[in-house]
Amino acid sequence: MEPLLKISDLHVGFLNYAGVARVLNGIDLELFPGEFLGLVGESGSGKSLTANAVLGLLPARSAVISKGSIMFEGKELIGRSEKEFQGLRGKKISMVFQEPMNALNPSYKIGKQMVEILKLHKGLSNKEAKAEAVRWLTQVHIQNPEKVVKEYPYELSGGMRQRVLLAMALSCGSQLLLADEPTTALDVTIQAQILRLMKETADQLGTSVLLITHDLAVVAQTCQRVAVMYCGNIVEIGPVTKVLHEPCHPYTKALLKALPNPDHSETELQSIPGSVPNLLTPPAGCRFHPRCDLVEKTCMELRPQLTTVSENHYVACWREEDHV
Amino acid sequence: MSQLLIVLLGVSLVTFLVSHVVPGDPARMLLGQRADAQTLENLRHVMGLDKPVWLQYFDYLGGLLQGDLGISIRSQRPVLSELLTYFPATIELTLFAMGFAVISGVGLGLLSAAYRDTPIDHGTRVLAILGVSTPLFWLGLMVLLLFYKHLGWLPGSGRLDSFINPPTQITGLYVLDSILTGDWVALKSSILHLVLPTICLGYIQLATIARLVRASMIEVLEQDYIKTALANGIPRYRIIYRHALRNALIPTVTLIGLTFGELLGGAILTETIFTWPGMGKYVVDSISFLDFPAIMGFTILVATIYVIINMVVDLLYPILDPQIKG
Amino acid sequence: MAQFRYLRYFTKRYPLTVTGAVIIFLVVMVSLAAPLVSPHNPYTLNLTDRLKPPGSIYLLGTDELGRDILSRIIYGARLSLLAGVGIVGIAGLFGIVIGSVSGLLGGKVDQAVMRLMDIMLAFPSLVLALALSAALGANFRNSILAIAIVKIPVYVRLVRGQALSIKERQFVKAAQTFGAPKVWIISRHIIPNCLAPVVVQATLGIGEAILIAATLSFIGLGAQPPAAEWGAMVSMGRIYLLDQWWYASFPGIAIFITVIGFNLFGDGVRDMLDPRFRN
């Protein structure tokens, strides 16, 4: 099957007063139609940046895409004009963000904000767009949608706002949804509801979802495949069952150990020793080596490439054969 | 509303202190240094200055409530009625300056936020620093020298050419009155006379407004909802004027209320320089006659207008910001 | 040498701030060395040389009494600097005392003080300064006093805010439990801790103070003749504006440049100390 989104060897740097921070260091990622792919990693690992690069939303004055390609529906996105991106955003590729509290414009009613996008992308009349907005609110299980369209964002709860944002993101028929930590700011119970809703709606519409999160539990609940990012690299990628149960990369293992386990509540939570390196002067070779137990000479000199462990399961680690 | 009354009461207390307590002897101030003791004593009695201070305040307040701002030394007429004849001219000038400052200030602020760190942005920054550093009275003189004397483009004094009759008085604002009465000759002349004073008075506030609009635009443009709008494919110009501007204007509205006060203060100078027959020129003329009641009357009137304007701005807030209604 | 390099780096990084500092330095130097640098006596009348245009003898021309305008501007720097520093000094001092007492005591005193400050802010500042200096009597000293009084609320609010937050800190709480007297707390803890913001505010305020002082002189409430004061000079020059343009123009330029110097410098100081205002 042809991938819907294919990112290959993507390099992004940030210019600042001290030099260039190489924040994405050769990302390879494929996303297939109708698939739910999780993208996990610590904050600062470059997850959100990857999503922003797909939508052409990197800060124009400081970010530089130095190498690589992003193919969407078989067409190259890098180098497109702002105008072409505007036609894609919200229509073919949508995004929902972490902070539902502030992601809706406080000065306009919900209906107005939804109608604006529907008119823009689907060329609907005001009246049609209003009806469509109500229909989409119903789709995301909002009760009383006729009332909600007349309300301001501050009148809604966090969970409701995230539903509205989801409805907005999907309302113009996007094939790809980039969900950037969509549930992090919500209560645990609401989190589960929103995730279920996202899964249900995306499955129903056949939308592919790139779910960015630092929470492996969220990935386990919703995704078919997961990619683990560390410091601008993808270090491991594969089916969720494989990666979470038979992790190959020392970083993935460490992440899993750091996860609270409800079955062994007495065992201590482990944190990963060391800290995320400075991206202005990243470690040579494998970027994880300063924090890795299994480090050897090669790790410090050469960058490992993704290699196959089993079917669809890849890992970038020099020591992978030794400990599988 | 009760808050308005409390502030106005406070204002009256301050003006009372300034006019009755600070000078030491208001009667001496009215009569001058050469007055003899008997006259002074009589006037003190008439003015109630032999009563306790708090009683004097109540007398003063009672007078204010009846619109008694005292009698002008210069003209021997009630200060309030004097001020009211000059009032429309000041309001007309202030409103025009306000319009000029707000429209161009918001526009410039918007441009420098949209084109951040470009020459446009640096330009407004320089303009802002020049704006707060320019002595308004000197600027007025320089403008007169250039546009009136050397270029001869615009009139430099008064509200109308001397051979033109003022329009029939309806509001006292010549521009408005001449439109209402269809007096196009007066309209043209009054607009031409407004140009220089308006630009001088407005220019200094313009820069302040531009800087604030820029700062709050930049803050708003970094908000998540702007990211949402971008991610939904809304064009950049539309994001700026529809999604960001409205939110950025909310803090600016407060500044506009404060600007009005600054403009009323600045009108003192502008009117003096452009011989504009308003309250500001009246008060400066009063200074040279040591007409203290006139000066205090002006102070009270301006403070009252200023307080009311700021109250109105507070009332405007909920219209702009739906969250306050809730 | 190292200092020189630092200076050069600084100039490159903050060109506007350095420009401001250079202007202030020059104005201060000129005013200190006024008797040495001024070509003529600023008060000597010379009725044969009345209203002479700028030329080789009188670089910036003369006024209606034949006094040299350049020399008068040079001497005027003294009055303007005095006004600027005097106003923020007095206002700052009263602000610190009133603000810290009000913040520390809290309760009714605090409420009353803050109400009064709010009411003072209900007047446009030029208008209140005008009324006050008219009430005090028209002279230079009174105009400075009047402007300082009008500016007090700015510093009271600033210091009170600081005092309120410092009051809650551990070391003040500790001092209070040991029964330290309020005067001691104010002088040992609150004042030293709010000095930095007050200095920034004062630096920013000098330019505006000079401007208002010159304005009051212009309308006849500040320095009285024959004082060589910039605002008063512009005021006199106004009468001769259309025929003797130099009279009103040059003293105004002096005000303009001096105030720009203080504003550039004040802006820079604030930006350096308060990251919130950085672009």
Side-chain angles (χ1 to χ4, degrees), chain A residues 48 51-52 54-57 59-61 82-110 112-114 116-122 150-156 161 164-165 168-172 174 177-180 185, chain B residues 106 109-122 213-214 216-254 256 313 315-326:
Chain A
S48 302
N52 281 317
V54 172
L55 265 187
L57 286 177
R61 276 178 301 148
E82 180 64 19
K83 209 167 168 94
E84 286 173 300
F85 268 118
Q86 274 167 16
L88 279 174
R89 294 176 195 148
K91 190 176 187 186
K92 298 253 176 183
I93 311 176
S94 294
M95 194 158 177
V96 282
F97 299 99
Q98 177 172 4
E99 232 0 290
M101 287 309 152
N102 199 19
L104 288 163
N105 195 323
S107 295
Y108 294 105
K109 291 175 180 163
I110 302 295
K112 206 162 186 177
Q113 301 191 39
M114 296 187 71
E116 182 181 20
I117 300 171
L118 285 163
K119 281 163 82 175
L120 183 73
H121 290 308
K122 293 180 117 182
K150 293 198 190 82
E151 286 182 323
Y152 286 101
Y154 76 94
E155 294 173 274
L156 306 181
R161 288 189 219 190
V164 170
L165 284 164
M168 275 169 84
L170 297 174
S171 64
C172 298
S174 282
L177 178 65
L178 308 168
D180 189 356
Chain B
V106 169
L110 212 65
L111 275 176
S112 43
Y115 299 97
R116 205 174 152 185
D117 293 331
T118 62
I120 297 179
D121 189 20
H122 299 315
V213 170
R214 174 191 185 270
S216 79
M217 265 308 269
I218 284 175
E219 199 182 320
V220 167
L221 285 173
E222 277 160 10
Q223 298 292 317
D224 291 337
Y225 53 83
I226 297 299
K227 242 167 102 187
T228 308
L230 262 175
N232 279 318
I234 294 169
R236 194 177 140 80
Y237 70 91
R238 200 175 156 86
I239 287 182
I240 288 189
Y241 83 80
R242 231 184 101 84
H243 289 254
L245 183 59
R246 179 155 177 182
N247 292 298
L249 282 185
I250 295 171
T252 315
V253 169
T254 329
I256 288 171
V313 167
L315 294 177
L316 273 177
Y317 241 76
I319 299 171
L320 274 169
D321 189 354
Q323 293 187 47
I324 290 178
K325 249 183 271 171

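Throughout, a chain's letter reflects where its sequence line sits, starting with A, and its residues are numbered from 1. Just the heavy atoms: all of them, side chains too, but no hydrogens, waters or symmetry mates, feed the values below.
When each of A:Met95, A:His121, A:Lys91 is checked for heavy-atom pairs under 4.5 Å with chain B, A:His121 comes out on top. Looking only at heavy-atom pairs under 4.5 Å with chain B, the residue among A:Gly90, A:Cys172, A:Ser107 that has the most is A:Ser107.
More than 12 heavy atoms of other shown residues, nucleotides or ligands fall within 6.0 angstrom of atom OH in B:Tyr241. In this structure, A:Lys122 places its NZ atom where more than 12 heavy-atom neighbours from other residues, nucleotides or ligands lie under 6.0 Å away.
For A:Leu120, the part lying under 4.5 angstrom from a heavy atom of chain B is the side chain only. Contact of A:Tyr108 with chain B is made through the side chain alone, with heavy-atom distances under 4.5 Å. Heavy-atom distances place the backbone of A:Ile93, and not its side chain, under 4.5 Å from chain B. For chain A, the nearby part of B:Arg238 is the side chain; its heavy atoms alone come within less than 4.5 Å.
Each of B:Thr228, B:Asn247, B:Asp224 was checked for a side-chain hydrogen bond (donor to acceptor under 3.5 Å, both in side chains) with A:Asn105, and the lone residue meeting it is B:Asn247.
Contact record, A:Glu82 with B:Leu230: OE2-CD2, 4.4 Å, taken as the closest heavy-atom pair. Summarising the geometry of A:Met168 relative to B:Asn232, their closest heavy-atom pair is CE-ND2, 3.8 Å, with the distance given to 0.1 Å.
Interatomic distance, NZ of B:Lys227 versus CG of A:Asn52, reported as 6.0 Å (0.5 Å rounding). Between the CD atom of A:Gln113 and the CD1 atom of B:Ile234 there is a distance of 8.5 Å, given to the nearest 0.5 Å. Atom CD of A:Glu116 and atom NE2 of B:His243 lie 3.5 Å apart (nearest 0.5 Å).
With sequence neighbours excluded, no residue forms a side-chain hydrogen bond (donor to acceptor under 3.5 Å, both in side chains) with A:Ser171. When the salt bridge (charged side-chain N to carboxylate O under 4.0 Å, His left out) test is applied to A:Lys119, no partner is found at least two apart in sequence or on another chain.
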